[in-house]
2 protein chains.
Amino acid sequence: MPVADRLSPTSYVVLGTIALRGPSTSYDLKRAVGRSIGYFWHFPHAQLYSEPQRLAELGLLAAETEAQGRRRRTFRLTDSGRAELKAWLAEPTPEHFQMRDIAELKLFFNEVAEPGDVERLAREQIAAHRERIAVYEDMQARYADLDAVAKRMITLRLGLEMEHAALRFWTALVDEVS
Amino acid sequence: MPVADRLSPTSYVVLGTIALRGPSTSYDLKRAVGRSIGYFWHFPHAQLYSEPQRLAELGLLAAETEAQGRRRRTFRLTDSGRAELKAWLAEPTPEHFQMRDIAELKLFFNEVAEPGDVERLAREQIAAHRERIAVYEDMQARYADLDAVAKRMITLRLGLEMEHAALRFWTALVDEVS
DNA sequence: TGTCATACCGTCCGAAACAGACCGTATGCG
DNA sequence: CGCATACGGTCTGTTTCGGACGGTATGACA
């Protein structure tokens, strides 16, 4: 079985992050992911401890145990790790967009569950809309912070785009209904 | 432990769908979900067989076994099931927007991994962009179908919105880079 | 100087979710 | 009749998920 078959998106997040930031401990990864990809894609941190191990066994990472103090391992990319990452980046992406948004789920059931009750529906929409705005403003606040640090983080920009799109959508829907 | 603590988003998908469509078998759910929420939120169908069971044990659904033919169970909402659903719909939504998009992950690592290599980056972007368009057109095609059947499915419209937003984003990025 | 609080760093575990192989049963059709 | 295809459902092994838990530095403050 080729190595690539044993790799998940999480694996590539680890490989990619180490490629970006150089040799890292699991804790480094945890923080790095939390400040970048974590904004739109949640990883339980436990995975960032187990996954590098797995990747090391597959020969894609090399572990160096630091002698001093706490036992912690620094992982760096091996050549085959880098090759694997490059191959993945080069190949076309068959998977397709997925998102999970609880607020939307609620809206969906609200909308169709009681189609006659327009009054109530409108109120629900508006509430959802308000929430969206809050989320979005919260995100913008975080942006201001981050902008100072890393100007062109496309990940975050896309996230913001998506929030905007969702916001516009809810707004239009509220107008339509009210 | 309150019942609500034992419920996941999947649970509410089941409850909500049954609320919408009336008493349903697991297979009904499978089809209904496939044609609505499934477009942007993937559920392995096996869950739509096990989850109603669990909900029945929690007293939120009632199961009726049909005597004739294949053994299949029809589930309907109990009063407490409906109450639970309503409570969930009414409460504010703390969770926050999440999405998983492999293409974006790739872009992210490409962008930052080799910041000097603009030429190559541009090519990668454009390829990603092309792919986006394909995905989006595919989605539009499906829409045309669906529109005839269910005109105002906000779920699908939002999905389309999101695809548009992503598309615009990649396009802008390509322009910026080239 | 002790002790307390608060990061920091990491492990572990039970419960879900996940992917998808697999398996019967109808139904149509050449 | 023989075959293909859709229908309806089960089962299993693996990952992921959340989050509780437990140590260890560090600094603040009495």
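Every chain is numbered from 1 and lettered A, B, ... according to where its sequence line falls, protein lines coming before strand lines.
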Practice task
Using a cut-off of strictly less than 4.0 Å, decide whether B/R73 has a side-chain nitrogen or oxygen near OP1 or OP2 of D/dG9.
Solution key: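 Checking D/dG9 against B/R73, no side-chain N or O comes under 4.0 Å of OP1 or OP2.
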Practice task
Considering just the side-chain nitrogens and oxygens of B/S8, establish if one lies under 4.0 Å of OP1 or OP2 belonging to C/dA17.
Solution key: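 Yes, because at least one side-chain N or O of B/S8 sits under 4.0 Å from OP1 or OP2 of C/dA17.
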Could you check how far [atom1] of [X] sits from [atom2] of [N], rounded to whole Å?
X      : N      : atom1 : atom2 : answer
A/R31  : C/dA7  : CZ    : P     : 14 Å
A/L29  : C/dT11 : CG    : P     : 13 Å
B/Y27  : D/dC7  : OH    : C1'   : 5 Å
A/Y12  : D/dT16 : OH    : P     : 13 Å
B/K30  : C/dC18 : NZ    : P     : 16 Å
A/R100 : D/dG18 : CZ    : P     : 10 Å
B/Q53  : C/dA17 : CD    : P     : 14 Å
B/L7   : C/dA16 : CG    : C1'   : 13 Å

Practice task
Please check if the side chain of B/S80 supplies one atom and the backbone of B/G59 the other of a donor-acceptor pair under 3.5 Å.
Solution key: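 Side chain of B/S80 to backbone of B/G59, a donor-acceptor pair under 3.5 Å: yes, one is there.
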Exercise for the section: Just say parallel, tilted or perpendicular for the rings of B/W41 and B/F43, cut-offs at 30° and 60°. Expected result: parallel
Handout entry: Charged N-O contact under 4.0 Å between B/R73 and B/E64
Key =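 No, this pair does not count.
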Exercise for the section: For the residue pair A/L15 and A/L60, establish whether any side-chain heavy-atom pair is separated by less than 4.5 Å. Expected result: yes
Exercise for the section: Measure the shortest side-chain to side-chain distance between B/Y49 and B/Q53 over non-hydrogen atoms and say whether it is less than 4.5 angstrom. Expected result: no
Handout entry: B/P52 to B/Q47 - nearest heavy-atom pair and separation
Key =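 Closest pair (atom of B/P52, atom of B/Q47, distance): CD-O, 3.9 Å.
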Practice task
Tell me what A/S26 touches on the nucleic acid: a base, only sugar-phosphate, or nothing, going by heavy atoms under 4.0 Å.
Solution key: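 Contact class for A/S26: none.
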Practice task
Pull out every residue in residues 42-52 of chain A that has a heavy atom closer than 4.0 Å to any atom of DNA chain C, ordered by number, or say none.
Solution key: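 The answer is A/H45, A/A46, A/Y49.
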Completion exercise
Quick note, salt bridge (charged side-chain N to carboxylate O under 4.0 Å, His left out) partners involving residues 41-53 of chain B, not counting sequence neighbours, are B/E51-B/R54
